[in-house]
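Written out below as C-alpha cells is the structure these notes cover.
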Number of protein chains: 2
Amino acid sequence: MSFSEFPGPLFTDLYELTMAAGYFDRGLDETATFSLFVRDHPKRSYFVACGLQAVVDALTRFQFSDREIEWLTQTGLFKREFLAHLATLRFTGDVRAMAEGEIFFADEPVLEVSAPLIEAQLLETFLINTVGVASMLATKASRCVHAAAGRPLIDFSLRRTQGIHAGMTVARSSYIAGFASTSNVLAGKIWGIPTSGTMAHSFVTAFESETEAFEAYAELFPKAAVFLIDTYDTIAGAEKAAAVGKRMKQKGQALTGVRLDSGDMVALSRQVRSILDEAGLPEVKIFASSGFDEYELERLIAEGARIDAFGVGTRMGVSSDAPYLDMVYKMVRMGDRNVRKTSAGKVTLAGEKQVFRKMAEDRCFQVDIIGLREESMEDAVPLLLPAMENGRSVGPRPTLEQIRQRFADNFNRLDDKTKKLRNPEKYPVASSERLVELQNQC
Amino acid sequence: MSFSEFPGPLFTDLYELTMAAGYFDRGLDETATFSLFVRDHPKRSYFVACGLQAVVDALTRFQFSDREIEWLTQTGLFKREFLAHLATLRFTGDVRAMAEGEIFFADEPVLEVSAPLIEAQLLETFLINTVGVASMLATKASRCVHAAAGRPLIDFSLRRTQGIHAGMTVARSSYIAGFASTSNVLAGKIWGIPTSGTMAHSFVTAFESETEAFEAYAELFPKAAVFLIDTYDTIAGAEKAAAVGKRMKQKGQALTGVRLDSGDMVALSRQVRSILDEAGLPEVKIFASSGFDEYELERLIAEGARIDAFGVGTRMGVSSDAPYLDMVYKMVRMGDRNVRKTSAGKVTLAGEKQVFRKMAEDRCFQVDIIGLREESMEDAVPLLLPAMENGRSVGPRPTLEQIRQRFADNFNRLDDKTKKLRNPEKYPVASSERLVELQNQC
C-alpha cells in the first residue's frame with residue numbers, strides 16, 4: 001500500500017545530501033554510529049517504541065532510482081562522481097533497536113545505526129520521522145488506555161490525523177498500545193486490526209425522522225447496530241432508540257448500543273442508562289465520543305459517567321498536548337573516535353551504547369542503566385537487539401498481536417507512579433561508570 | 001509519487017460504508033449536499049484554503065479495486081448487491097470550492113459537494129483529512145511569514161512532521177504561505193519548490209576539527225556554503241568560520257552565511273555579526289534555527305536579533321499550538337429538503353451556500369456574508385467556484401506560483417488587526433437574510 005511504502009531516498013533534508021557529497025569528496029567512508037533518542041520531555045514520563053518494522057522494510061529497499069539521480073544531476077549542486085556513487089548505494093550497515101512495544105525513557109537510544117558514514121547520514125530524516133511519529137502516537141494512546149482503566153477504546157481519529165500516513169500510523173500504534181479497534185477500514189484490511197463504526201449525524205438527517213433512520217439501520221445490521229442519539233436532542237433520541245431496541249428484541253434481534261457525541265457526558269450517560277434500563281434493555285451498551293483524551297477519560301470515569309466504551313479521536317490522533325517528540329539522531333562514533341556535540345543545552349553522549357534494564361523481584365521495572373555496547377551486566381536485560389546486519393533484516397519479525405502483547409506485558413511492569421497522567425515520577429535512568437568515563441575522555 | 005496518491009476508498013471510517021449500505025438498502029440515492037467548514041477556533045482568526053488539487057485528483061480516480069471489494073466481502077458485513085454497487089461506483093458529482101490560497105473564516109464553507117448521497121457520504125474522511133491538514137499548515141506558516149516581517153523563512157520541519165504525507169504537505173503549504181524554500185528534497189523534485197540546506201552537527205563532528213569541516217565544505221560548495229557554528233562553542237565557531245570565510249574571499253569565493261542553532265539568539269547573533277563585520281565579511285549572512293515559531297520570531301525581531309533568515313521547523317510543521325482544525329463535513333441538503341443538526345454546541349446551518357466577500361475602496365477585505373448558493377450580491381465577490389462538474393475537473397488549475405501569488409495578494413488585503421498573533425480582532429462574517437430565514441424553516 002502506498003502509505004507504508006518508503007517514499008525513496010529523496011524524502012530527506014537537502015543538507016543530508018550536501019554533507020554526503022562533502023564526505024565523499026574527502027574520502028570519509030569510515031563506519032559511523034548514530035544514536036536515535038528522545039530528549040527530556042516535559043509532558044511524557046515514558047515512551048513506547050514503535051516504527052521499527054517500517055524502518056527495516058525501508059532500509060532493505062534503500063536505493064536511488066535513475067529518475068532521482070537525473071533530477072539531482074540537473075540541480076547542478078553535485079559532482080558526477082558523487083552521483084555515480086549514490087546510484088549504486090544500498091544500505092549495508094547494522095541496526096540495533098528496541099523491539100516494537102518496548103518502553104523507553106528520555107536519553108536512552110531506541111535505535112542505533114552503524115554503517116559507512118554516507119549511508120548512515122542519509123537515513124537521518126526518515127528515521128526520526130518514522131520512529132518519532134509511531135512512538136509518539138503509541139505513547140499518547142497508551143495514556144488513554146491507562147486512563148480508561150479497562151474500558152475498551154476505539155480509534156476514531158482518521159479524519160483529523162496530520163495526513164494519510166499519520167492516519168495509518170495512528171491505527172497501528174494505538175492498537176499496539178491496547179486500543180480495542182479502529183474506525184480506519186484500510187488499517188483493517190492491511191493489518192487485520194478490528195474495525196468499528198456504525199452511523200454519523202448525516203445518516204440520521206438523511207431520513208425524514210430519527211426513528212426511521214434507526215429502523216433502517218437495524219433492519220440491515222440487526223446484530224451490530226449502534227444508534228447515534230444526539231442529532232437533535234439526546235434524551236428524545238434515547239427514547240426513540242429504546243423503542244426501536246425493544247421492537248428489535250421482540251423480533252429476536254439485539255441492539256448493540258447507543259452513542260453519545262455531545263453535551264454533558266456524565267449527566268447524559270446516566271439519564272440514557274436509566275431510559276435503556278427502564279425499557280428492559282440493560283444489555284444495550286453506551287458508547288461515547290466527543291473530543292476525548294486521557295485527561296477527559298480520567299475525569300468522566302472519576303465523575304461516574306455510565307459509559308461502556310469510548311471513541312477517542314482527534315486529540316489522541318495528533319497527540320494534541322505534545323504533538324512532537326524532540327527525537328534526534330546524533331553521531332556518537334566515527335571510525336575509532338567517539339564523538340559528541342556540546343552545543344548549549346543540546347549536549348549528546350559519545351559512544352556506542354546499550355540500555356540495560358533491571359527488574360525487581362516482582363518483575364517490575366526497577367532501573368535502567370545506559371552503558372557502552374560492549375558492556376555486560378548481570379541481572380539486567382539488554383534492550384537494544386540486532387534488527388539488521390550487513391543491510392539484511394535479522395532477528396524475529398513479531399506479528400502485530402505479539403507486539404501488542406509485549407507492550408501490555410511491559411506496561412503492567414511499569415510502576416503506576418511513572419504512569420500518572422499529571423506530575424508523574426521520573427523513572428530512574430542511570431549511566432554506567434564506563435559511559436561516564438568515556439565522556440570525560442572526548 | 002506515492003505520498004500524493006489517493007490511498008483508495010478504504011481510507012475511510014467504517015461508518016461511512018455502513019451508512020452507505022443503509023442508504024443503498026433503502027434506495028436513498030437523491031442528490032445530497034455536504035458543506036466542509038471549520039468551527040470557531042480559539043487560536044486562529046483566519047484560515048488559508050489549501051488541498052483542493054489533491055481532492056480533485058483523488059475524486060477523478062475514486063474507484064474500489066477488485067481486491068478491495070473482495071476484502072469487504074470477506075468481512076461479512078455487507079450484502080452482495082451493495083458491494084456490486086460499490087464496485088461500479090465513480091464520483092459523478094459537483095464540487096464547488098474556494099481556490100487554494102484563498103483566505104477563509106470560521107463557519108464559512110471552504111468546499112461543498114453535491115452528489116448522489118452514497119458518493120457524497122463516502123468522501124467525508126478523506127476530504128476532512130486532506131483539506132484540513134493542508135489548510136491548517138498553510139495557516140500556521142502564514143503566521144510565521146507575518147511575524148518574520150519580510151525576512152526569508154525556510155521550512156526545516158521534515159523530520160518532525162507527523163508522517164511522510166504531512167512532511168510533503170508542509171513543504172507545499174508553507175511555500176504557498178510565503179516561505180522562501182524548504183529542506184525537503186522530494187518537494188523540490190515534485191513541485192519545483194526551491195530547496196536549501198548545507199550541514200548538520202554530524203558533519204562537523206565527522207572531521208577532526210571544526211575548521212577542517214568548514215574548509216572541506218567550502219572547497220566543494222564555494223558558492224553556497226553556510227557553516228553551522230554551534231557544535232562546540234558558538235563564538236569560537238564564528239571566529240573559525242570568519243577565518244575560513246576570509247580565505248575564501250581571497251580566493252575569489254564567497255561564504256554565503258553561518259548558522260546558529262542553539263543558545264541566546266539575540267546576544268549570539270549580535271556577537272557573531274560583529275565577528276563577521278570585523279573580519280571584513282559584512283556580506284556573510286546569519287541564518288538561525290532553533291525551535292522557532294511565529295511567537296519566537298516576533299520576539300527575536302523585536303529584541304533586535306541580527307538574523308537575516310530563519311529555518312522554521314517542528315513547531316510550524318505540526319502547528320504545535322493548534323495541531324488540528326475542528327473541520328467538519330455536514331449534510332446541508334438532501335433531495336429537496338434542507339437539513340441541519342442541532343446537537344448541543346454543534347449546530348450546523350442548513351442549505352447550499354455561497355460566501356460573498358465585500359472589499360473596501362482600497363481593495364481590503366471589509367466583510368464576508370454567508371448566503372444561499374442561489375443568491376447574488378452586488379459589489380461582492382463569490383468565493384465558492386466550480387471545481388468539478390459531473391465528476392470532471394473544471395475551472396482553472398493554477399500553478400504553485402500562481403497559488404502562492406494569490407495568497408500573497410489576499411494576505412495583503414487582510415487587516416493587520418485580524419493578523420495579530422495574539423488576541424486578533426474577529427473579522428466580520430455575517431449571514432444573509434435568506435440564509436437566516438431558511439434556518440427558521442427547517
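A quick note: this is a predicted structure, and the numbers were derived from the prediction, not measured.
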Check the orientation of A:Tyr217 and A:Phe203. Use parallel for under 30°, tilted for 30 to 60°, and perpendicular for over 60°.
perpendicular

Do B:Glu219 side-chain atoms and B:Ala216 backbone N/O form a donor-acceptor pair below 3.5 Å?
no

Which residue out of A:Thr161, A:Asn184, A:Thr234, A:Thr130 racks up the most heavy-atom pairs below 4.5 Å with chain B?
A:Thr161

A:Phe156 backbone acceptor or donor facing A:Ser183 side chain under 3.5 Å
no

Please classify the contact of B:Asp230 with chain A as side chain, backbone, both or neither, using a heavy-atom distance under 4.5 Å.
both

Cut-off 4.5 Å, heavy atoms of chain A, and the answer for B:Glu124 is side chain

Quick one: what part of A:Lys223 sits under 4.5 Å from any heavy atom of chain B, side chain, backbone, both or neither?
neither

For each of A:Ile128, A:Asp264, A:Thr348, A:Asp233, tally heavy-atom pairs with chain B at distances under 4.5 Å, and name the one with the top tally.
A:Ile128

With a 4.5 angstrom heavy-atom cut-off, is it the side chain or the backbone of B:Val185 that approaches chain A, or both, or neither?
both

Can you name the closest pair of heavy atoms from A:Ala166 and B:Gln162 and give their distance?
CB-O, 3.2 Å

Can you say whether A:Asp261 sits under 4.5 Å from chain B via the side chain, the backbone, both, or neither, judging by heavy atoms?
both

Taking A:Val339, A:Thr182, A:Thr231, A:Thr195 one by one, which has the highest count of heavy-atom pairs under 4.5 Å against chain B?
A:Thr231

Select, from A:Ser202, A:Ser262, A:Gly263, A:Ala213, the one with the greatest count of heavy-atom pairs under 4.5 Å involving chain B.
A:Ser202

So which residue, A:Gly167, A:Gly22, A:Ser320, A:Ala200, ends up with the most heavy-atom pairs under 4.5 Å with chain B?
A:Ala200

Where does B:Arg337 contact chain A at under 4.5 Å (heavy atoms): side chain, backbone, both or neither?
side chain

Relative to chain B, which segment of A:Thr12 carries a heavy atom at a distance below 4.5 Å: side chain, backbone, both, or neither?
both

For the residue pair A:Phe126 and A:Phe6, does the interplanar ring angle fall in the parallel (under 30°), tilted (30 to 60°) or perpendicular (over 60°) class?
perpendicular

Going by the angle between their ring planes, with limits at 30° and 60°, are A:Tyr329 and A:Phe34 parallel, tilted or perpendicular?
parallel

Minimum heavy-atom distance between B:Met199 and B:Arg259, given as atom pair plus value
O-NH2, 2.9 Å

Selection from A:Gly237, A:Ala20, A:Gly188 maximising heavy-atom pairs under 4.5 Å formed with chain B:
A:Gly188

Examine whether an atom of A:Glu16 lies under 4.5 Å from a heavy atom of chain B, and if so say whether it belongs to the side chain, the backbone or both; otherwise answer neither.
side chain

Whatever's closer than 4.5 Å to a heavy atom in chain A on B:Ala32 counts as neither

Identify the two heavy atoms, one from B:Tyr324 and one from A:Val318, that lie closest to each other, and give their separation to 0.1 Å.
CD2-CG2, 3.8 Å

Interchain contact, B:Leu17 with chain A, by part (heavy-atom threshold 4.5 Å):
side chain

Heavy-atom distances under 4.5 Å only: say whether B:Leu117 touches chain A with side chain, backbone, both or neither.
side chain

